[in-house]
Amino acid sequence: MKNSALAEKLTDKDQNYVWHPLTQHKKANPPLGIVRAKGALIWDEDGHSYIDGIASWYTAMYGHGNEKIVAAMTQQMQKLDFVMFSGFTHAPAVELSEQLIDILPDNQAKILFNDNGSTAKEAGIKMAIQYHYNRGEKRDTLIAFEDGFHGDTFGAMSASGISSYNGPFEDFLLKVVRVPVPKDENMEDVLKKLDTIIDGNACSAFVFEPLVQGAAGMKFHSPRGLDAMIEKCQNAGVLCIADEIMTGFGKTGPNFATEHLQNLPDIICLSKALTAGMFPLSITSCTQTVFEAFLSDEVSKGFFHAHTYSAHPLGCAAALAGLELLNSGEILERRQYIAQRHKTFAAHLGAHAKVKDARSMGVIFAVDLATDANRYGSLRDKLYHFFMQQGVNLRPLGNTIYVLPPYVITDEQLQQVYDAIEGALEIL
Ligand SMILES: *Cc1c(COP(=O)(O)O)cnc(C)c1O
């Protein structure tokens with residue numbers, strides 16, 4: 001052992017060898033050592049508890065350590081741990097595909113398995129490019145929203161418009177043309193801009209987070225505008241890829257954000273709450289038309305994209321157990337309850353002098369403070385530490401504070417989160 005033997009606490013030992021994501025190690029405080037989690041709570045190694053106000057990046061919606069999901073995974077582990085997914089199939093993957101197709105928008109027909117959100121997105125983008133290629137067209141341009149976030153692999157990163165993540169890589173990305181998100185005020189301009197983009201480029205796909213841009217700060221846009229954009233794209237043969245990695249499984253109210261739309265996307269990406277935070281798994285679903293473009297006597301027209309852990313049986317078992325909970329009476333009641341409380345709280349906070357905008361959609365709540373701030377600036381740090389002191393884990397983005405709690409959060413815990421936010425307005 002090098003010096004790690006000297007330190008006792010996780011938080012200290014961590015510093016020896018671990019490189020954390022999204023962390024400037026020269027300035028960041030050491031990470032908290034987390035030893036246990038249950039329901040909406042996580043505990044650190046000193047015994048402090050924190051309400052997981054963002055469900056560990058929108059995953060643990062049925063609560064940490066959910067007994068039904070743990071039991072399903074344990075049972076699966078004892079039967080079939082893992083087997084590769086090329087040449088083989090297994091019951092958890094087949095059943096999960098059946099059930100997902102059942103609840104996804106009507107036009108979705110096939111499920112391709114992956115192991116995280118970025119690779120689900122990457123597969124969606126590659127699918128769109130090859131769809132055109134197989135049909136004899138080279139289409140080299142993606143359409144994407146400003147300030148979108150789609151993941152950290154190259155294709156996903158190309159579609160993402162948040163420059164703090166992309167800086168060093170800008171010169172190496174796929175060709176992307178950006179449009180602002182449609183709102184009531186700019187709808188005509190956005191649609192005109194989209195026409196120009198479609199006319200002037202060989203566009204393969206339009207990539208978007210439907211209705212809510214998560215990493216941008218839970219920013220909402222118009223379903224009517226998005227519908228019109230999808231229609232324009234589809235009329236021009238541009239495949240529409242909905243990134244429901246954050247919004248999927250009830251976050252915006254219905255099971256999927258695309259249910260707020262009339263025009264359905266050609267491809268949908270899901271991850272995060274898919275396995276309730278219990279296992280890395282993702283899927284890319286598509287229409288029968290997309291799938292059929294890959295059928296050929298030429299082997300190379302197939303989709304040669306695979307990850308070793310595609311369709312891991314443990315992840316599929318977790319997802320199946322999660323789906324059973326998603327629309328159970330108990331969870332449905334909580335989904336509606338949280339949505340109602342958020343709405344009331346947004347109306348209440350909206351009137352506060354220090355608040356620029358307070359909004360909610362389903363179980364997503366966000367408030368923009370009436371002050372400018374850097375995405376990773378000092379205001380964000382001050383707020384983060386204040387919330388942690390109050391026993392609430394929230395990760396503000398610039399001047400935006402947002403909440404996306406596990407469905408199982410108790411009434412009192414939710415109140416504690418709101419109280420912490422009101423308290424934060426006092427210290428500003
Ligand atoms: C988290 C997220 C991703 C990336 O998923 P990873 O599993 O982190 O790679 C992509 N798109 C959206 C909308 C996300 O929220």
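Each ligand, and each atom within it, is numbered from 1 in the order the structure gives. By convention here, the first residue in the shown sequence is residue 1.
Residues meeting the side-chain contact (heavy atoms from CB on, under 4.5 Å) test with S97, sequence neighbours left out: I111, F113.
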Let me have the donor-acceptor pairs involving side chains of residues 310-317, under 3.5 Å, with sequence neighbours excluded, atom names and distances please.
unit_1, atom_1, unit_2, atom_2, d
S310, OG, H307, N, 3.3
S310, OG, H307, O, 2.7
H312, ND1, L314, N, 3.1

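One finds no salt bridge joining R178 and D147 here, because no Lys/Arg side-chain nitrogen approaches an Asp/Glu carboxylate oxygen to under 4.0 Å. Under 4.0 Å is where a charged nitrogen must lie from a carboxylate oxygen, and between D52 and K38 no such pair does.
For ligand 1, the 4.0 Å heavy-atom shell contains residues N116, G117, S118, F149, H150, G151, E209, D243, I245, M246, K272.
Defined by atom type and a distance below 3.5 Å, a donor-acceptor pair is missing between the side-chain atoms of K343 and S360.
Legend: salt bridge (charged side-chain N to carboxylate O under 4.0 Å, His left out) pairs involving residues 180-195, not counting sequence neighbours, sorted by first then second residue: D195-K232.
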